[in-house]
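Note sheet for the following structure.
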Amino acid sequence: GWKGAAAGIIEVAAEQLLGGGSNPVATVVGPCIQPAAYEFGAAQLDRLTGRFGDTVEGVTNEGTRALDLHRLISVCCHNAGWPEPRRPACTSGSGFFSHRTRRDLGRQATVAWIER
């Protein structure tokens, strides 16, 4: 989420993986909220754009300021020397759990591995 990204979790994880000899091939982000459906507080957004650049700001369907969480993650990956992810599906539509949109109690999970 945005709080972990702002705290530097992506850069720390990339540093640990690279330091352990990992050779990045891809970054995958699961379904998450997209800017069109994600109005965001001005003070927090100003701090994020000040730190990560204006590209992390988006606009909602209603024309209000939004956080583009995917762009935030992409900027963090780029800064860490890690591959940038493709834009994931939005959780505000049906087919995904969304506590923010519908107060769903369920959660998504992703598990990945590489077999050689």
Side-chain angles (χ1 to χ4, degrees):
W2 73 267
K3 290 179 182 177
I9 193 166
I10 293 170
E11 293 87 347
V12 170
E15 181 181 311
Q16 293 293 313
L17 290 165
L18 290 168
S22 178
N23 187 12
V25 294
T27 301
V28 178
V29 175
C32 63
I33 196 72
Q34 300 297 322
Y38 191 23
E39 185 173 346
F40 203 75
Q44 295 162 321
L45 189 54
D46 288 343
R47 281 194 295 274
L48 292 172
T49 57
R51 180 169 170 200
F52 297 101
D54 291 339
T55 63
V56 303
E57 184 170 341
V59 179
T60 67
N61 287 333
E62 291 77 31
T64 58
R65 295 177 75 194
L67 174 65
D68 188 334
L69 183 58
H70 170 261
R71 278 300 308 148
L72 175 60
I73 293 168
S74 294
V75 168
C76 292
C77 288
H78 175 79
N79 292 345
W82 207 255
E84 295 179 34
R86 286 191 238 164
R87 185 168 290 277
C90 183
T91 55
S92 68
S94 62
F96 296 104
F97 294 115
S98 177
H99 178 74
R100 183 177 290 106
T101 303
R102 294 176 300 278
R103 300 289 180 221
D104 295 338
L105 298 178
R107 297 287 183 257
Q108 281 85 231
T110 301
V111 178
W113 68 91
I114 297 174
E115 293 184 9
R116 297 185 191 263

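Sequence positions, counted from 1, serve as the residue numbers for this chain.
- For the residue pair Gly30 and Pro88, the shortest heavy atom distance occurs at O-CB, 3.2 Å.
- Evaluation of the side chain to side chain contact (heavy atoms under 4.5 Å, CB included) rule for Pro83 yields Pro24, Thr27 as partners, not counting sequence neighbours.
- In the displayed structure, Arg86 atom CZ is contacted under 6.0 Å by at most 12 heavy atoms of other residues, nucleotides or ligands.
- By the side chain to side chain contact (heavy atoms under 4.5 Å, CB included) test, Thr60 pairs with Glu39, Glu62, Thr64, Ala66, sequence neighbours left out.
- In this structure, Thr49 has no side-chain hydrogen bond (donor to acceptor under 3.5 Å, both in side chains) partners at least two apart in sequence or on a different chain.
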Q: Report the C-alpha separation of Thr55 and Asp68 in whole Å, then their side-chain angles, then the decisive distance to 0.1 Å, and conclude whether the side chain to side chain contact (heavy atoms under 4.5 Å, CB included) test is met.
A: CA-CA 8 Å; Thr55 63; Asp68 188 334; over 6 Å; no

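- The minimum heavy-atom distance linking Ala5 with Phe52 is given by the pair O-CZ, 4.0 Å.
- Hydrophobic cluster of Trp82: the remaining members, joined at side-chain heavy-atom separations below 4.5 Å, are Leu17, Leu18, listed by chain and number.
- Among residue pairs with one or both ends in residues 3-30, none qualify as salt bridge (Lys or Arg N to Asp or Glu O under 4.0 Å); sequence neighbours excluded.
- Remark: side-chain polar atoms of His70 are not paired, donor with acceptor, to backbone N or O of Val56 under 3.5 angstrom.
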Contacts under 3.5 angstrom, residues 40-47 side chains, donor-acceptor by atom type, not counting sequence neighbours:
residue, atom, partner, partner atom, Å
Asp46, OD1, Arg65, NH1, 3.1
Asp46, OD1, Arg65, NH2, 2.7

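- Taking hydrophobic clusters as Ile, Leu, Val, Met, Phe, Trp and Tyr residues chained together by side-chain heavy-atom distances below 4.5 Å, Ile9 shares a cluster with Leu69.
- Among residues at least two apart or in separate chains, salt bridge (Lys or Arg N to Asp or Glu O under 4.0 Å) pairs with a member in residues 70-79 are Arg71-Glu84.
- By the side-chain hydrogen bond (donor to acceptor under 3.5 Å, both in side chains) test, Gln34 is found to be paired with Arg87, residues two or more places apart in sequence or in another chain being considered.
- Looking at residues two or more places apart in sequence or on another chain, you find no side-chain hydrogen bond (donor to acceptor under 3.5 Å, both in side chains) involving Asn61.
- Within the 4.5 Å cutoff, the side chain of Pro35 has no heavy atoms near those of the Leu67 side chain.
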